[in-house]
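Since the structure comes first, as structure tokens, the remarks are kept for the end.
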Amino acid sequence: MYKVHCLNNISPVGLALLSDNYELTDNIEEADAILVRSADMHEMDIPANLKAVARAGAGVNNIPLEKMAEAGIPVFNTPGANANAVKELTIAGMLLASRDIIGGAQWCKENAQDENIGKSAEKAKKQFAGTEITDKTLGIIGLGAIGKLMVPAVEALGMKVVGYDPFVTPEQAAAISESMTYVTDLNDLYGDSDFVTLHVPATPETTGMINDEAIAAMKEGAVVLNFARGTLVDDEAMARGLAEGKLRAYVTDFANPAVMAMEGAIVLPHLGASTEEAEDNCAKMAVEEIMDYLETGTKTHCVNMK
Ligand code: MLT
């Protein structure tokens with residue numbers, strides 16, 4: 001009997017796939033496998049029985065990958081399982097930055113007691129007007145599971161797309177979309193894009209990639225969307241870009257005191273993958289990966305060893 005410990009809430013739809021050879025345990029010390037979402041495992045001691053870790057999600061920056069590999073413990077993730085949810089929220093982020101939907105909704109709440117709210121709204125609405133996304137250009141950095149899904153979705157909304165990904169060949173880019181402009185120099189993407197969206201992992205190479213130079217290369221009034229990881233953006237550079245009016249908005253799914261202090265930042269509490277569908281998909285994939293590994297040694301989507 002294998003014992004599985006959940007470090008975070010894992011969807012019951014996924015846990016239901018565990019066969020009779022498995023049982024859940026509250027005691028991490030006896031766990032053969034750990035299922036985790038965003039709990040930080042960096043300072044944790046590795047339980048003596050642990051044989052595998054599966055992250056119900058794509059990002060693995062909350063797990064000490066090398067330490068696990070040295071202990072012979074594979075770490076799995078679930079690429080693509082929540083991609084649609086993140087794609088949908090990124091599109092919502094573009095719309096939130098384009099029109100003051102948040103300000104308008106807030107105004108309605110604040111004027112809830114006004115018996116003539118219908119009339120007052122007609123007068124107030126001009127302060128919340130904005131622009132449309134059709135005919136604008138979206139620059140997508142990272143053409144993995146999420147970036148790839150973004151392309152047809154925003155093209156269907158009438159947007160133009162510029163794509164960048166050093167791990168994708170021109171042929172692979174053309175297979176995603178013939179009409180996407182594929183670039184190998186990020187400056188070309190920055191120079192053309194009204195919106196720049198990040199869909200790359202948090203690694204030492206991507207840390208602070210949106211810095212003063214990147215922002216300087218962007219169009220006047222560009223919007224940066226970050227539904228990937230907070231560390232990709234140099235917060236000081238972003239604060240300058242917004243304060244100087246170079247950027248119109250920064251939409252981020254990663255709250256911290258620095259972004260909360262930025263005028264022009266729209267901040268969400270890491271909601272990208274928080275949908276029923278994504279949570280079920282991630283949990284199912286993670287549970288299957290654990291069972292496959294424990295029963296057959298198969299490593300599907302292992303991120304820390306061959
Ligand atoms: C991911 O890494 O899959 C997303 O950011 C969502 C999450 O962290 O669960």
Side-chain angles (χ1 to χ4, degrees), residues 4-15 33-44 52-65 68 74-94 96 140-150 153 165 167 196-210 224-233 235 250-256 259 265-290 300-304:
V4 177
H5 179 77
C6 299
L7 269 179
N8 297 102
N9 284 335
I10 301 292
S11 155
V13 175
L15 295 178
I34 289 178
L35 291 166
V36 59
R37 289 184 61 192
S38 52
D40 189 345
M41 297 181 70
H42 283 280
E43 302 306 323
M44 265 181 50
V53 174
R55 165 138 214 283
V60 284
N61 55 319
N62 56 323
I63 305 171
L65 300 181
M68 290 292 175
V75 175
F76 304 96
N77 72 345
T78 61
N82 57 23
N84 190 63
V86 180
K87 174 201 84 180
E88 289 188 7
L89 199 66
T90 307
I91 293 170
M94 283 196 288
L96 291 177
I140 303 179
I141 303 179
L143 295 166
I146 301 165
K148 213 159 48 185
L149 275 191
M150 288 293 295
D165 190 325
F167 302 104
V196 174
T197 188
L198 305 168
H199 298 292
V200 295
T203 64
E205 293 73 38
T206 59
T207 300
M209 63 181 284
I210 302 299
V224 176
L225 303 144
N226 184 2
F227 289 88
R229 282 296 178 265
T231 52
L232 305 184
V233 172
D235 286 334
Y250 173 42
V251 188
T252 176
D253 210 10
F254 305 96
N256 69 36
V259 294
I266 297 173
V267 188
L268 300 173
H270 199 186
L271 288 182
S274 295
T275 64
E276 278 175 31
E277 295 86 343
E279 287 177 12
D280 291 353
N281 288 342
C282 288
K284 285 196 274 188
M285 205 193 266
V287 164
E288 276 164 2
E289 288 166 355
I290 289 285
T300 309
H301 302 135
C302 178
V303 294
N304 67 335

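Whatever order the structure lists ligands and atoms in, that order sets their numbers, starting from 1.
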Ligand-side contact atoms (ligand 1) for residue partner [X], heavy atom cut-off under 4.0 Å:
X	result
A273	6 (C)
G57	3 (O)
G59	1 (C), 2 (O), 3 (O)

Which residue supplies the protein heavy atom nearest to atom 4 (C) of ligand 1, what is that atom called, and how far is it?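 For atom 4 (C) of ligand 1, the nearest protein heavy atom is H270 NE2, 3.8 Å.
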Students should be able to answer this: which protein heavy-atom is nearest to atom 8 (O) of ligand 1, and at what distance?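 The answer is R55 NH2, 2.8 Å.
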Do the side chains of N82 and N281 get nearer than 4.5 Å, heavy atoms only?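 Not in contact.
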V259 side chain reached by F254 side chain, heavy atoms, under 4.5 Å: no
Say whether, by atom type as modelled, one donor and one acceptor occur between the side chain of [X] and the main chain of [Y] under 3.5 angstrom.
X	Y	result
N8	R37	yes
D253	L271	yes
H42	N61	yes

Quick one: look at T78 and ligand 1, take heavy-atom pairs under 4.0 Å, and tell me if it's side chain, backbone, both or neither. neither
Counting heavy atoms under 4.0 Å, the part of R229 that contacts ligand 1 is side chain
Residue selection (non-hydrogen contact nearest atom 3 (O) of ligand 1) among A278, A58, P201, A85: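 Looking at heavy atoms only, A58 sits closest to atom 3 (O) of ligand 1.
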With a 6.0 Å cut-off on ring centres, are H199 and F227 close enough?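 So the answer is no for these two rings.
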